[in-house]
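Throughout, a chain's letter reflects where its sequence line sits, starting with A, and its residues are numbered from 1.
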Number of protein chains: 2
Amino acid sequence: MSDLSKLKELFPELEDELYNELIQVGVVKEIPAGTTILQVAQPIRTVMMVLDGVVKLYQEDGEGDEYFVYHIEPGQACAVSMVCAYKQEKSMVTAKSVTDVVMLTVPLEYMDKWLQKYKSWHYFVIKTYRSRYEELLRTVSEIAFRNMDERLEFYLKRQVKQFGKHVKLTHQDIANDLNSSREVISRLMKKMEKNGWINIHRNSFEWIRD
Amino acid sequence: MSDLSKLKELFPELEDELYNELIQVGVVKEIPAGTTILQVAQPIRTVMMVLDGVVKLYQEDGEGDEYFVYHIEPGQACAVSMVCAYKQEKSMVTAKSVTDVVMLTVPLEYMDKWLQKYKSWHYFVIKTYRSRYEELLRTVSEIAFRNMDERLEFYLKRQVKQFGKHVKLTHQDIANDLNSSREVISRLMKKMEKNGWINIHRNSFEWIRD
DNA sequence: AATGCTATGTGATGCCTGTCACACAAGCGG
DNA sequence: CCGCTTGTGTGACAGGCATCACATAGCATT
């Protein structure tokens, strides 16, 4: 069955029996690009494992400001969706599909069951938390210590890594992700272009260095 | 035995059998204030559970800059110490004792063993990751969206929550934790004093609002 | 080709905060 | 009581970045 083989390919570290359960109880959802998949304010009742496409996770304050945190790609699960009972204070996290996305959703009650039953699930969950924790630390470090030009470079490199040398984003999109303003991003990117790092097109740019 | 009862009090969610194992294989360490307990660059071979005192966790870049992330207090474990194989790229996290600290250290191999054996340990580890993840998100939100005055207020409140109304920190200490400069902190605190939020003393301040 | 919409380029200006320079104040040891 | 050390107060200045105001350019539709 193609579903099974795809699962095994994307999540190679799980037990055979668990794959079967995943196929049985999991629901495959197809989500168009640009959909808000979850917001942490609201209770979450499923674990989400990405099968295809890219999800971006970003933080919001209440006043329209955003900050990009990281991407979730095929073979990864959403750590936040595992944080079932999120105490909502001020911090808000949103996950949104960047491309069309296919994900496997599993009701949260299986999470506990499987944690006890399958060692591999266990490790998978721990691994997910750990890698997300590391990504977050990385993000903190960027914002705390780096100026806009360095943060922009880091951000663009992540996009290139995720989507290839040719990335479709407007300066405004980028400014939103970095909680900056369009003009600042335009100026800095112009400088990067002069230095031969990128080519700027309308609605996109191209990474031409390294 | 007083160790056992203290453990139960601080970590009430664990299984009886596990307490016994903890007492048997765990080593109690007393650490004087100001000691660097771990740095993420180096491999970690123990899980640390705080029994007494306060540990602060902060991020460093390579050039002497720091940013305070959160406190670890009695009844909590160090999530980073559970991240055994930390890929060292640029981000560095350091844990340092703020006060004299007593902690129980457990060799890392038990972590895996217990994860399979004890459901409660399991939940404890997950809970630890989850709450640390949330704290990190909170920190990201502060740095990304707030100005120095608001970040300072947030920071001071956290200190007050941890240590009581009378907090022993110099302006320089605070500036280091917020990756700012002493003069800026002094000015902002002076303003807070004028607004009746705090009293400033030499080497300390006192929270007098709320 | 003309029109219009949206993306991008660029100067002017102001606020926040980091830095430098130095004055003052609190506490400690002789 | 005096001087030293360390913390705090404050002005002047500079750089980074947000914002405002337009100018220009790219692409789609007619």
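- Separating the CD1 atom of Ile174(B) from the C1' atom of dG18(C) is a distance of 17 Å, rounded to the nearest angstrom.
- His166(B) pairs by the side chain to side chain contact (heavy atoms under 4.5 Å, CB included) definition with His201(B), Ser204(B), Glu206(B), not counting sequence neighbours.
- Sorted pairs that involve residues 92-101 of chain A and meet salt bridge (charged side-chain N to carboxylate O under 4.0 Å, His left out), not counting sequence neighbours, are lacking altogether.
- Taking the side-chain hydrogen bond (donor to acceptor under 3.5 Å, both in side chains) definition, one finds that Glu13(B) meets it with Lys127(B), sequence neighbours left out.
- Rounded to an integer number of Å, the gap from NZ of Lys191(A) to P of dT8(C) is 18 Å.
- Applying the salt bridge (charged side-chain N to carboxylate O under 4.0 Å, His left out) rule to pairs touching residues 158-176 of chain A yields Glu135(A)-Arg158(A), sequence neighbours excluded.
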(request) Between protein and nucleotides 4-17 of chain D, map the contacts as a letter string: B base, S sugar-phosphate only, - none, heavy atoms under 4.0 Å, written 5' to 3'. (result) --BSBBBBB----S
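- The distance from atom NZ of Lys168(A) to atom C1' of dC27(D) is 11 Å, rounded to the nearest whole Å.
- In this entry the distance linking CD of Glu150(B) with P of dC16(C) reads 11 Å, nearest Å.
- If you take CD1 of Ile143(A) and C1' of dT17(C), they are 18 Å apart, rounded to a whole angstrom.
- The pair Lys6(A)-Glu9(A) does not meet the salt-bridge criterion, since no charged nitrogen lies less than 4.0 angstrom from a carboxylate oxygen.
- Qualifying side-chain hydrogen bond (donor to acceptor under 3.5 Å, both in side chains) partners for Asp177(A), counting only residues two or more places apart in sequence or in other chains: Lys56(A), Tyr155(A).
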